[in-house]
Amino acid sequence: MSARRSVLACLFLVAVGQALAQSKATDSLRLALRNRSDDTLKIDQWLQLGLALEEQSPQEARSAYREAVMLSRKLHALRWEAMSLTSEGIANYLLGKWDSALIAYRASYAVAEKTGDRNRMGVNLVNIGNVYQRTSNFPEALKYYQQAENYLALYRQPMLIANMIDIFDRIDNIKASREYGYKAIRLATQLNDTLAWIDAHINLFSTAHDTLLSKGKKLVVQALPVALRVKATDKIISLYHNLAEYYYFKDEYDSALIYALKSTSYMIKPFDTPSNLAYSKGQLANIYLRTRKFAEAKSLALQSLRYAHEADLLYLEKEVSKTLAQAEENLGHYQASVDAYKQFITLSDSTDKLRNAELTNLMEARYQSEKKQKEINALELLRTKNEADIRWRNFVIAIVLLVVMLVLLFFMSWYRNAKQEKELAQLKIAELEKDKQLTLADALVKGQEEERTRVAKDLHDGLGSMLSGIKMSLSTMKGNAITTHENVQLFERALNMLDNSIRELRRVAHNLMPEALVKFGLTAALKDFTDFINQSNIVKAIFQQVGEERRLDNNLELSVYRLANELINNALRHAAATELIIQLHYEPSALTLTVQDNGRGFDPALLNQTTGAGWPNIRSRVEYFKGAIDIDSKSGEGTAVTIHFPA
């Protein structure tokens with residue numbers, strides 16, 4: 001299909017704007033440049049001016065790009081220098097100055113390499129490949145395109161792949177050409193780039209040789225509705241042209257004519273370029289020639305020749321000259337037919353020289369491609385062998401590693417079990433030790449309370465009764481004895497001292513075993529104790545009960561009472577408190593005691609260093625009943641001790 005494409009290939013160029021608008025833009029940019037100091041914005045303005053001039057005056061565009069290059073070097077702006085050199089290369093390419101274009105592209109690549117701009121490096125490699133492709137040096141073009149794949153940003157790769165499709169197609173490497181075609185479609189889908197996706201279908205159509213024409217048609221049919229939906233005029237022209245080409249080579253000329261005319265109908269400004277019109281008119285001329293409409297074929301062939309000459313499309317001029325000669329012959333215009341054939345022969349001589357050079361390069365490219373394919377095949381065989389060796393080595397290593405892992409797992413499991421057994425044993429010992437301590441504490445608490453109860457009973461029932469009897473006896477003697485006034489005073493003083501001793505004895509007995517606690521419960525006992533503290537007028541004590549009172553285990557009530565006593569005594573002795581709040585909070589399944597003072601406060605961490613028996617006894621009682629202590633105290637801000645018991 002490469003030969004067919006020399007007449008019917010769709011190489012449409014899109015105009016970028018109208019001359020009047022460009023003129024205004026360039027005038028505005030030139031004015032801005034005159035008033036601008038040297039900075040990177042001025043470099044950007046030179047580049048914009050060059051871009052605006054590219055179509056109408058590539059020579060002036062090159063001058064603008066050269067100014068941008070020199071200013072970039074003056075400012076040591078490497079990124080701008082790389083961009084400017086690329087643009088200068090494009091201007092040289094448009095002017096057909098291939099060597100100058102290559103120099104600019106290579107210089108831009110070197111600067112981009114310094115800055116680590118891989119995307120710019122890839123763009124320059126593509127541009128170098130474009131020069132070699134344009135000059136029919138396909139081996140070099142292919143080499144640079146393949147290098148560019150490693151550098152080019154993903155979104156730029158569809159452009160590169162399109163060029164590679166064309167080269168592989170030219171050297172008849174249809175397999176590679178189609179592989180890159182489908183790669184372009186996948187890439188465009190991945191990028192969600194609709195226009196690139198359409199281009200990929202158009203490029204892949206060009207690889208649809210005789211045996212693949214039906215697949216080529218499917219590609220066009222897939223892409224055409226999308227192009228119509230996004231109104232991509234240049235791509236609609238190409239797709240209709242491709243459909244006309246498909247039906248032309250299937251000898252279905254009526255259908256070919258319909259799509260060729262549709263393609264032509266979209267060639268309105270800015271798409272009515274000489275190149276577009278030359279190919280479109282040439283295609284129609286061939287279709288009319290096959291349908292024996294020789295007058296129409298002649299008219300269209302003459303138009304195509306005019307546009308092809310204007311666009312410098314030598315190959316197209318040659319093929320259309322042949323079409324014109326055949327049309328003139330069928331019209332009976334033999335002299336005109338001879339003249340057209342002479343023109344065809346003359347153009348054939350010129351194009352044959354170009355074609356011979358191109359064929360040489362194509363053969364070289366084909367040789368290099370085949371050589372590379374052989375190298376790839378050899379490397380593939382070596383890789384397969386190496387992979388087999390590697391798989392066997394990896395299998396052996398895996399077996400060894402598996403055995404080692406199993407051994408390690410066995411020892412780790414054994415070590416973990418041994419460690420767990422040791423930890424469990426230690427926990428058991430600690431638990432037994434705790435149980436032992438709790439048992440000792442329980443025995444100690446019970447012993448203390450039993451001893452206190454006994455002592456209190458002995459004091460109250462024994463010594464208390466004796467003292468009361470002595471008082472009664474002395475009182476009786478006082479009424480019967482005859483004594484002096486002084487002896488009476490001494491006697492009265494002795495009786496008072498005896499009363500005080502009895503009261504002190506009762507207080508001590510009450511502290512050892514509060515009667516209110518036994519008879520009325522914890523709340524009554526703590527309230528009595530609070531009232532007793534208030535009688536001293538030294539400190540103000542407030543008792544609060546929260547929740548509904550209920551009787552608890554005797555040992556728990558007694559321990560809570562003792563803890564409250566200890567905490568209150570600590571506040572009075574050490575904290576210099578003037579106010580106390582004692583709160584008893586009854587909950588459905590718990591009991592909370594809080595003792596709060598406004599004393600001097602302390603650092604709770606110091607309790608771990610105390611040598612007294614007070615706090616250890618408090619902790620021991622709390623732990624015995626599985627309670628918890630919370631101490632909130634700061635220096636100068638008082639202390640609040642909260643003890644929580646499950647009950």
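Sequence positions, counted from 1, serve as the residue numbers for this chain. These values consider heavy atoms only, across backbone and side chains, with no hydrogens, waters or symmetry-generated copies. Just so it is clear, the structure is predicted and the values come from calculations on it, not from any experiment.
Other residues, nucleotides and ligands contribute at most 12 non-hydrogen atoms within 6.0 Å of the CZ atom of R292.
In this structure, OG on S100 lies 14.5 Å from OH on Y93, to the nearest 0.5 angstrom. To the nearest 0.5 Å, the span separating CG on N286 from CD on Q326 amounts to 8.0 Å. Expressed to the nearest 0.5 Å, how far CG of L47 lies from OG of S72 amounts to 7.0 Å. Remark: H241 NE2 to S280 OG distance equals 7.5 Å, nearest 0.5 Å. In this structure, CG in L302 is found 7.0 Å from CD in E328, a value given to the nearest 0.5 Å. The line from NZ of K235 to OG1 of T194 is 11.0 Å long, rounded to the nearest 0.5 Å.
Between the T291 side chain and the I287 main chain, a donor and an acceptor come within less than 3.5 Å of each other. With S108 contributing its side chain and A82 its backbone, the two residues share a donor-acceptor pair below 3.5 Å. With hydrogens and angles disregarded, a donor-acceptor distance shorter than 3.5 Å links the side chain of S263 to the backbone of I237. Counting only distance, with no hydrogens or angles, the side chain of S321 and the backbone of E317 share a donor-acceptor pair below 3.5 Å. Checking side-chain atoms of Y288 against main-chain N and O of K298 turns up no donor-acceptor pair under 3.5 Å. The backbone N or O of A112 lies less than 3.5 Å from a partner atom in the side chain of T115, making a donor-acceptor pair. For S304 (side chain) and A278 (main-chain N/O), a donor-acceptor pair under 3.5 Å exists by modelled atom type. Using a distance-only test at 3.5 Å, with no hydrogens or angles considered, a donor-acceptor pair links the side chain of Y65 to the main chain of L51. S337 contributes a side-chain N or O that, together with a main-chain N or O of A325, makes up a donor-acceptor pair within less than 3.5 Å.
Between Q283 and Y279, the closest side-chain pair of non-hydrogen atoms is not below 4.5 Å. Put simply, the side chain of L316 does not reach to within 4.5 Å of the side chain of Y307, judged on heavy atoms. Residues L284 and L257 are in side-chain contact: their nearest non-hydrogen atoms beyond the backbone lie under 4.5 Å apart. Side-chain contact between V126 and Y144 is absent, with no heavy atoms from C-beta onward closer than 4.5 Å. Using a 4.5 Å heavy-atom threshold, the side chains of D234 and Y266 count as separate. Taking the side chain as every heavy atom from C-beta outward, L125 and N150 never approach each other to under 4.5 Å. Between I90 and Y105 there is a side-chain heavy-atom pair separated by less than 4.5 Å. In this structure the side chain of S84 reaches within 4.5 angstrom of the side chain of I43, judged on heavy atoms.
Applying the salt bridge (charged side-chain N to carboxylate O under 4.0 Å, His left out) test to pairs two or more places apart or on separate chains, those with a residue in residues 41-54 are D38-K42.
Applying the side-chain hydrogen bond (donor to acceptor under 3.5 Å, both in side chains) criterion to D339, with sequence neighbours excluded, gives Q335. The side-chain hydrogen bond (donor to acceptor under 3.5 Å, both in side chains) search around Y341 returns none, not counting sequence neighbours. Not counting sequence neighbours, the partners of F395 by the ring pair (Phe, Tyr, Trp, His ring centres under 6.0 Å) test are W392. Remark: W197 pairs with H201 by the ring pair (Phe, Tyr, Trp, His ring centres under 6.0 Å) rule, at least two apart or across chains. F294 meets the ring pair (Phe, Tyr, Trp, His ring centres under 6.0 Å) test with no other residue; sequence neighbours excluded.
N127 and T86 are not linked by any side-chain donor-acceptor pair at a separation below 3.5 angstrom, with hydrogens and angles left out of the test. Side-chain contact, Y247 with D254: no donor N or O sits under 3.5 Å from an acceptor N or O.
The two residues A61 and A91 make their nearest non-hydrogen contact at C-CB, 4.4 Å. Taking every heavy atom of both residues into account, V320 and A301 meet most closely at CG1-O, 3.3 Å. Here the shortest heavy-atom pairing between V131 and A101 reads CG2-CB, 4.1 Å. Considering every non-hydrogen atom in both L243 and V220, the closest pair reads CG-CG1, 3.4 Å.
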> Which is it for L85 and R73 under the side chain to side chain contact (heavy atoms under 4.5 Å, CB included) test, yes or no, and what are the steps along the way?
Replying inline: CA-CA 11 Å; L85 284 166; R73 288 172 177 169; 3.9 Å; yes
>> Between N242 and Y259, is the side chain to side chain contact (heavy atoms under 4.5 Å, CB included) condition met? List the steps.
In response: CA-CA 8 Å; N242 289 342; Y259 289 110; over 6 Å; no
> Where do L75 and W80 land on the side chain to side chain contact (heavy atoms under 4.5 Å, CB included) test, with the steps shown first?
Replying inline: CA-CA 10 Å; L75 297 174; W80 288 98; over 6 Å; no
>> Test side-chain hydrogen bond (donor to acceptor under 3.5 Å, both in side chains) on Y253 and D251; report intermediate values, then the result.
In response: CA-CA 6 Å; Y253 300 118; D251 296 330; 3.0 Å; yes
> Would Y240 and L224 count as a side chain to side chain contact (heavy atoms under 4.5 Å, CB included) if you check the C-alpha gap in whole Å, the side-chain angles of each, and the deciding distance to 0.1 Å?
Replying inline: CA-CA 8 Å; Y240 277 135; L224 184 57; 3.6 Å; yes
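Not less than 6.0 angstrom separates the ring centroid of Y132 from the ring centroid of W98.
Paired with L277 under the rule side chain to side chain contact (heavy atoms under 4.5 Å, CB included), one option of M267, Q303, R306 passes, and it is M267.
Ion pairing of E88 with R62 is absent here, as no side-chain N (NZ or NE/NH1/NH2) approaches a carboxylate O to less than 4.0 Å. We find that E140 and K143 are joined by a salt bridge, their nearest charged nitrogen and carboxylate oxygen being less than 4.0 Å apart.
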